[in-house]
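In what follows, a structure is listed as structure tokens, so that the remarks can point back to it.
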Amino acid sequence: QDRSKNDRIKNELMTGYLDRIGAGKVLINREPFSFDWTPDHLVGREKELVDLAGLFTHIENHNSSCRAIITGPVGSGKTVLTRRFGHDLLSHLEGKRKVVLAHVNCRNHPSTSQVLQRIALTLDSGHPERGLSSGEIIQSIRRNLISHNSHLLLVLDEVDLLIRRDNSDLIYKLLRIDEGQEKQGSISLILVSQDSMLLKLFEPAIISRLGASNVLKMDPYNEKELTDIARQRSNIACRNGSISDEVLQKIGVMAADSGDARLAIELLDSSIRRAESAGRSEVLIQDIEQSSERVAAIEPSQVDGLSRDQK
């Protein structure tokens with residue numbers, strides 16, 4: 001009987017300890033803390049969206065291709081800008097021009113063959129993964145676009161990593177994909193990089209085709225924008241009343257030195273974890289301060305590489 005009683009007490013203790021972790025006292029939706037999540041409205045990036053749209057004014061023309069280069073520091077919203085623009089463009093052109101969006105992160109796919117494979121698989125999930133040269137894959141991509149009467153909007157994120165590894169040959173080939181062909185306007189291209197001197201990596205022939213004036217430079221976020229980004233995420237992710245304005249403003253202040261939205265999001269996420277682990281239904285200022293010690297040891301550019309447990 002004593003043994004049974006001890007087992008019951010032990011099980012209750014184990015259950016109690018599990019209840020304190022991820023109890024949902026604050027968080028009800030984790031999705032807004034993913035760096036892949038795209039909000040309906042981009043805080044502080046309204047002008048940049050308008051400027052980017054200005055580079056695509058002729059995209060409705062079936063024989064037109066557009067180019068854009070987006071540069072800016074880590075966490076300045078480059079990737080989310082291209083994702084929001086891509087989704088909005090597809091909706092805007094529905095019934096006017098069929099557009100397929102392919103977003104390739106060159107940090108994860110740093111070689112020419114890997115980038116081309118990602119594009120090909122976006123267009124055709126049954127595309128063979130081996131046995132084709134780069135030239136053959138490019139022509140396969142073009143044939144697929146023509147047969148489906150589609151236009152490809154290709155975003156190459158962190159493209160400088162691809163160029164430094166495999167030079168700019170792929171960019172040149174993509175820009176010339178329709179050369180000598182009757183049908184034009186197969187691909188529109190958006191190149192994204194932290195490197196503000198990205199154009200200097202290209203030869204004059206490539207710069208000429210890209211357009212030296214098609215560059216959109218993004219600045220770091222300011223304190224108010226970072227506070228509003230944290231508020232936007234918390235409004236969707238957290239229970240009402242669990243995150244005070246004081247807490248959100250503190251996050252904005254602490255992230256403002258870097259201007260990095262990812263840092264603000266990580267501070268909010270870590271603070272929520274700390275509050276829930278303590279069994280509380282509200283995030284306190286000290287949760288942010290303690291979380292900042294953990295986050296401060298992480299370079300902003302490393303955040304993408306962290307596992308969920310490490311975060």
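Because the structure is a prediction, the values reported are computed rather than measured. In what follows, every heavy atom counts, from backbone to side chain, and hydrogens, waters and symmetry copies are set aside.
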Is there a side-chain contact between [X] and [Y], using heavy atoms and a 4.5 Å cut-off?
{"X": "Arg143", "Y": "Ser140", "result": "yes"}
{"X": "Leu198", "Y": "Ile163", "result": "yes"}
{"X": "Val100", "Y": "Leu153", "result": "no"}
{"X": "Asp287", "Y": "Leu284", "result": "yes"}
{"X": "Ser65", "Y": "Leu189", "result": "no"}
{"X": "Leu116", "Y": "Leu132", "result": "no"}
{"X": "Ser234", "Y": "Leu248", "result": "yes"}

Taken in chain and number order and not counting sequence neighbours, the residues that satisfy side-chain contact (heavy atoms from CB on, under 4.5 Å) with Asp169 are Asn167

Counting only N and O atoms by type, is there a donor-acceptor contact under 3.5 Å from the side chain of [X] to the main-chain atoms of [Y]?
{"X": "Gln232", "Y": "His41", "answer": "yes"}
{"X": "Glu276", "Y": "Leu27", "answer": "yes"}
{"X": "Arg239", "Y": "Ile28", "answer": "no"}
{"X": "Arg274", "Y": "Val283", "answer": "no"}
{"X": "Thr71", "Y": "Ser196", "answer": "no"}
{"X": "Gln139", "Y": "Glu136", "answer": "no"}
{"X": "Ser258", "Y": "Ala255", "answer": "yes"}

Please check if Leu145 and Leu101 belong to a single hydrophobic cluster, counting links between Ile, Leu, Val, Met, Phe, Trp and Tyr side chain heavy atoms closer than 4.5 Å.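 They do not share one cluster, since no chain of ILVMFWY contacts under 4.5 Å joins Leu145 to Leu101.
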
Just grab all the side-chain hydrogen bond (donor to acceptor under 3.5 Å, both in side chains) pairs involving [range], residues at least two apart or on different chains.
{"range": "residues 48-58", "value": "Lys47-Asp51"}
{"range": "residues 205-221", "value": "Glu179-Arg209"}
{"range": "residues 240-254", "value": "Arg231-Asp245"}

Got a sec, which residues hit side-chain hydrogen bond (donor to acceptor under 3.5 Å, both in side chains) with [X], two or more places apart in sequence or on another chain?
{"X": "Ser186", "answer": "Asp178"}
{"X": "Gln114", "answer": "Ser111"}
{"X": "Ser193", "answer": "Asp160"}
{"X": "Asp166", "answer": "Thr112"}

Result of checking Arg164, Lys78, Arg165, Arg107 against Glu158 for salt bridge (Lys or Arg N to Asp or Glu O under 4.0 Å): Arg107

Between Asp269 and the options Arg233, Arg30, Arg262, the salt bridge (Lys or Arg N to Asp or Glu O under 4.0 Å) test singles out Arg30

Would you tell me whether Ser270 and Glu266 have side-chain atoms, one donor and one acceptor, within less than 3.5 Å of each other? yes

At their closest point, which heavy atom of Pro32 faces which heavy atom of Ile236, and how far apart are they?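 So the two residues come closest at CG-CG2, 3.6 Å.
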
Shortest non-hydrogen separation from Trp37 to Val80 and the atoms involved: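 That closest heavy-atom pairing would be O-CG2, 4.1 Å.
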
Ring pair (Phe, Tyr, Trp, His ring centres under 6.0 Å) partners of residues 68-112, not counting sequence neighbours, each pair once: Phe56-Phe85

Roughly how far, to the nearest 0.5 Å, is the OG1 atom of Thr79 from the CG atom of Asp157? 3.5 Å

Pairs where residues 91-105 contributes a residue and the test salt bridge (Lys or Arg N to Asp or Glu O under 4.0 Å) is met, not counting sequence neighbours: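 Residue pairs with at least one partner in residues 91-105: Glu60-Lys96.
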
Tell me which pairs pass salt bridge (Lys or Arg N to Asp or Glu O under 4.0 Å) where either residue lies in residues 108-126, with sequence neighbours left out. none

Around Glu203, counting heavy atoms of other residues, nucleotides and ligands shown, do more than 12 lie under 6.0 Å from its CD?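 Counting other residues, nucleotides and ligands, CD of Glu203 stays at 12 neighbours or fewer.
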
Looking at Leu170, Val104, Leu191, which one forms a side-chain contact (heavy atoms from CB on, under 4.5 Å) with Leu162?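 It is Leu170, the one option of Leu170, Val104, Leu191 that forms the side-chain contact (heavy atoms from CB on, under 4.5 Å) with Leu162.
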
Under the salt bridge (Lys or Arg N to Asp or Glu O under 4.0 Å) test, which residues partner Lys173, sequence neighbours left out? none

